[in-house]
Amino acid sequence: MRRSLDKPLLCLLAAGLVIHVLVFWGNLASPYGRVPSNDAEYYWDWGGRVAGGEWVGDAPFFAAPLYPYLLGIGRMLGVGLLGVASLQLVLHVATAGILARVATQLWERRVGLVVAGLWLVLADP
């Protein structure tokens, strides 16, 4: 019985992945979609400094450093913007699955599906 209940979640996650990939590729069609701006630019530059060997700056952290350091390690390994954005897309869909599982355990399966669906339609979680 549980196996048949996973089909709706898998369909929801697959649909979310397809829709997000289409939006992602649509953004890449724009010249503005290929250049980081605002927070993305700040973290991309910070990751570049980490990749360049600046592991510790001379000022306290303005923001949590985990993401910029992961970006820095990725940049050292040759991962570009496309790779980072692809990883974020996969993590976004995986988070929907995790949220569905947690909400299902706390309440019921339908709530889990609604929670996952709401997460997937967020423009910028």
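Note that the structure is predicted; figures quoted are calculated from it, not measured.
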Just wondering, do [Y] and [X] contact through their side chains at under 4.5 Å, heavy atoms?
{"X": "Phe24", "Y": "Ser86", "result": "yes"}
{"X": "Leu17", "Y": "Val21", "result": "yes"}
{"X": "Leu71", "Y": "Trp46", "result": "no"}
{"X": "Leu28", "Y": "Trp25", "result": "yes"}

Margin query: Test side chain to side chain contact (heavy atoms under 4.5 Å, CB included) on Val111 and Glu108; report intermediate values, then the result.
Written below: CA-CA 6 Å; Val111 175; Glu108 64 179 40; 3.8 Å; yes

Identify the heavy atoms of [X] and [Y] that sit nearest to each other, and give their distance.
{"X": "Ala103", "Y": "Val115", "value": "CB-CG2, 3.9 Å"}
{"X": "Ala96", "Y": "Leu13", "value": "CB-CD2, 3.7 Å"}
{"X": "Ala100", "Y": "Ala116", "value": "CB-CB, 3.8 Å"}
{"X": "Val93", "Y": "Gly16", "value": "CG2-C, 4.4 Å"}
{"X": "Tyr69", "Y": "Pro65", "value": "CD1-O, 2.9 Å"}

Transitive ILVMFWY side-chain link [X] to [Y], under 4.5 Å:
{"X": "Leu81", "Y": "Tyr43", "result": "yes"}
{"X": "Tyr32", "Y": "Leu22", "result": "no"}
{"X": "Phe61", "Y": "Trp55", "result": "yes"}
{"X": "Leu89", "Y": "Val23", "result": "no"}
{"X": "Val121", "Y": "Val18", "result": "no"}

Note to self: Does Arg49 have more than 12 heavy atoms from other residues, nucleotides or ligands lying within 6.0 Å of its CZ?
What the structure shows: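 Counting neighbours around CZ of Arg49, more than 12 heavy atoms of other residues, nucleotides or ligands fall under 6.0 Å, so yes.
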
Item checked: Straight-line distance of Asp6 CG to Arg109 CZ, nearest 0.5 Å ->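 That separation rounds to 5.0 Å.
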
Next item on the list: Mind checking the CG-CD1 spacing from Leu120 to Ile19? Nearest 0.5 Å is all I need.
Entry: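 Atom-to-atom, Leu120:CG and Ile19:CD1 are 8.5 Å apart.
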
Notebook entry, point to check: Between Trp119 and Gly97, is there a donor-acceptor pair closer than 3.5 Å when you use the side chain of the first and the backbone of the second?
Noted result: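 No; judged by distance alone, with no hydrogens or angles, the pair does not exist.
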
Note to self: Any side-chain to backbone donor/acceptor pair from Arg75 onto Gly52? Under 3.5 Å, distance only.
What the structure shows: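 No, because the side chain of Arg75 does not come within donor-acceptor range (under 3.5 Å) of the backbone of Gly52.
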
Margin query: Test side chain to side chain contact (heavy atoms under 4.5 Å, CB included) on Leu122 and Leu118; report intermediate values, then the result.
Written below: CA-CA 7 Å; Leu122 289 174; Leu118 289 173; 5.9 Å; no

Note to self: Tell me which one of Val90, Val84, Leu91 satisfies side chain to side chain contact (heavy atoms under 4.5 Å, CB included) with Gln88.
What the structure shows: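 Single pass found, and it is Val84.
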
